[in-house]
Undergrad: 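Supplied in structure tokens, the structure appears directly below.
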Amino acid sequence: MSLYDKYINKLKNQRLADKAVYVVTEDRVSVYGGDASTELMLAAQELKAYCLLFVRPAEPFMTALEEAAKDGEFAPNDSETRTFLHTVPVTDNFAEVPSALKRRKAVFVRRQGIITAAPFGAEQAFIFASSVLFSGFVKFFSDTGEAALLRNPCCTETALKLFDKYIENFHRSDLPELSKDIMRSDESILSAMAQAGRATVELGLVDSFFGNISVCKGKNIYISRTGSSLDELDGEIDVCPTDESACTGLTASSELASHRRIYEITDKRVILHAHPRFSVIMSMICAEKCENRGKCHYACTKKRYVGSSPIVPGEVGNGPRAMVNTLPPAMKDNDSVTVYGHGVFTVSANDFNDALRLLTETETAALKEYQSILLASQTSTRSPL
Ligand SMILES: [Zn+2]
Ligand SMILES: [Zn+2]
């Protein structure tokens with residue numbers, strides 16, 4: 001199976017796409033995943049990009065993207081969008097795709113789908129496309145949730161319909177039983193990490209390229225590499241000494257510093273980090289009457305939670321609001337902590353079972369809270385009979 005087919009299958013198996021087509025321009029042009037429209041072929045020709053990916057999102061993503069794109073280019077304030085996309089340009093016209101792709105990594109064509117161009121090939125195009133799916137989804141649901149809270153609801157009916165569809169297709173609470181007694185050997189740690197990563201992706205708690213996972217044993221931290229897929233961790237795990245000075249951390253996850261600090265100040269030995277969609281959405285909308293609206297990630301007047309998972313800011317860099325300074329202290333008293341607009345970190349004592357359960361529980365709580373915000377706004381605005 002080619003890499004192209006592999007990523008097409010991922011998009012379809014994870015129910016993210018109805019259709020996914022790669023157009024690859026080398027000496028000759030090859031198409032994978034079905035027919036490419038004439039417009040797509042023309043765009044590929046004009047761009048001379050090595051690899052073009054077209055994705056028609058499955059529901060509820062397609063409608064969420066259409067709604068997110070209503071006013072044109074969009075950019076929710078979540079970390080995936082900020083890191084990978086900046087903004088997602090929107091057009092009605094395929095002829096504008098090449099110029100949009102010259103300035104951005106991906107473009108959304110209304111009523112058609114997502115197109116990304118990737119000079120480094122299949123995997124990169126897949127990452128960009130799944131970031132757009134995440135971005136549009138987060139944008140639509142966080143805007144609708146916030147509007148409902150502010151008693152200025154819009155699209156509540158659509159949001160509820162898409163929400164039900166999402167629950168039906170994506171939400172599962174039947175947890176697999178993961179390996180126990182994982183600290184026996186290097187091999188048992190590595191295979192437990194691979195198993196937990198796969199389960200996290202299969203449960204829909206993260207798109208495969210995001211998130212990270214680690215185990216601490218003795219003086220070593222076993223951690224997934226940056227850019228690795230959580231559902232394919234075999235051979236993708238670095239071993240770094242807990243002693244800071246000794247690890248270069250070149251390939252280790254960019255979040256190694258946070259993991260290391262958590263191991264320093266807690267007695268937990270396992271960390272799981274994912275981007276569950278509604279935990280991210282709920283972290284971004286403040287359900288309180290808050291005078292600091294817009295600054296709730298660091299200046300909220302209420303201590304906020306997703307379920308029982310406290311929300312902390314997590315900016316990049318080393319400042320006081322940087323994740324490495326906010327997340328570890330919060331994990332001292334909580335086994336699940338949500339980083340604003342980013343994702344959830346969970347820990348457990350010695351295997352991944354508790355960490356995975358906590359991750360699922362946090363997301364389930366987020367889904368319930370979100371739904372009740374929409375339902376409450378619906379009853380309060382419905383005119384009395
Ligand atoms: Zn993350
Ligand atoms: Zn607030």
Side-chain angles (χ1 to χ4, degrees), residues 76-85 127 130-131 133-135 137-138 142 145-151 196-197 200-201 204-214 223-231 233 236 249 252-262 271-306 309-317 321-324 326-328 330-331 336-347 355-356 358-359 362-363 366 369-370 373:
N77 192 27
D78 68 288
S79 75
E80 283 190 28
T81 307
R82 275 183 278 125
T83 312
F84 287 92
L85 305 166
I127 297 174
S130 61
S131 285
L133 287 161
F134 187 84
S135 179
F137 191 87
V138 167
S142 55
E146 184 120 322
L149 266 179
L150 298 175
R151 297 280 177 260
T200 310
V201 174
L205 297 167
V206 71
D207 291 331
S208 57
F209 273 90
F210 300 99
N212 46 60
I213 189 170
S214 76
I223 187 164
S224 53
R225 287 192 177 150
T226 183
S228 61
S229 318
L230 275 194
D231 54 348
L233 284 180
E236 292 290 329
S253 167
S254 48
E255 281 151 17
L256 173 63
S258 300
H259 286 238
R260 181 184 277 136
R261 189 89 188 103
I262 291 169
I271 300 173
L272 188 55
H273 163 53
H275 299 177
R277 296 182 182 90
F278 277 90
S279 302
V280 173
I281 290 164
M282 282 307 297
S283 78
M284 293 167 70
I285 54 184
C286 180
E288 309 287 347
K289 275 200 168 36
C290 184
E291 58 262 36
N292 282 334
R293 191 158 286 285
K295 293 186 241 164
C296 288
H297 56 302
Y298 63 91
C300 198
T301 47
K302 299 273 165 55
K303 181 114 193 66
R304 296 200 299 124
Y305 295 83
V306 176
S309 176
I311 298 169
V312 299
E315 294 174 358
V316 285
R321 300 200 294 259
M323 192 166 76
V324 67
T326 56
L327 171 69
M331 296 243 61
S336 171
V337 173
T338 301
V339 177
Y340 175 94
H342 177 170
V344 180
F345 287 77
T346 59
V347 290
L356 187 65
L358 287 165
L359 198 61
T362 304
E363 180 67 352
E369 286 165 25
Y370 186 85
I373 290 173

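Numbering starts at 1 and runs along the sequence shown. Numbering of ligands and ligand atoms starts at 1, following listing order.
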Undergrad: Hey, which N, O or S atom on His273 ends up closest to the Zn ion (ligand 1)?
TA: NE2
Undergrad: Can you check whether Val206's main-chain N or O pairs, donor with acceptor, with Arg277's side chain at less than 3.5 Å?
TA: no
Undergrad: Do His342 and His297 make the cut of ring centroids closer than 6.0 angstrom?
TA: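 No, they do not, as the ring centres are separated by 6.0 Å or more.
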Undergrad: Please work out the angle at the Zn ion (ligand 2) defined by atom SG of Cys300 on one side and atom SG of Cys296 on the other, rounded to 10°.
TA: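 Output for this angle: 120°, rounded to tens.
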Undergrad: Using only atom types and a distance under 3.5 Å, with no angle test, would you say the side chain of Ser309 pairs donor to acceptor with the backbone of Tyr305?
TA: no
Undergrad: What is the NE2(His275)-the Zn ion (ligand 1)-NE2(His342) angle, to the nearest 10 degrees?
TA: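 The NE2/NE2 angle about the Zn ion (ligand 1) sits at 100°.
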Undergrad: Checking the side chain of Ser283 only, and the main-chain atoms of Tyr340 only, is there a donor and an acceptor separated by less than 3.5 Å?
TA: no
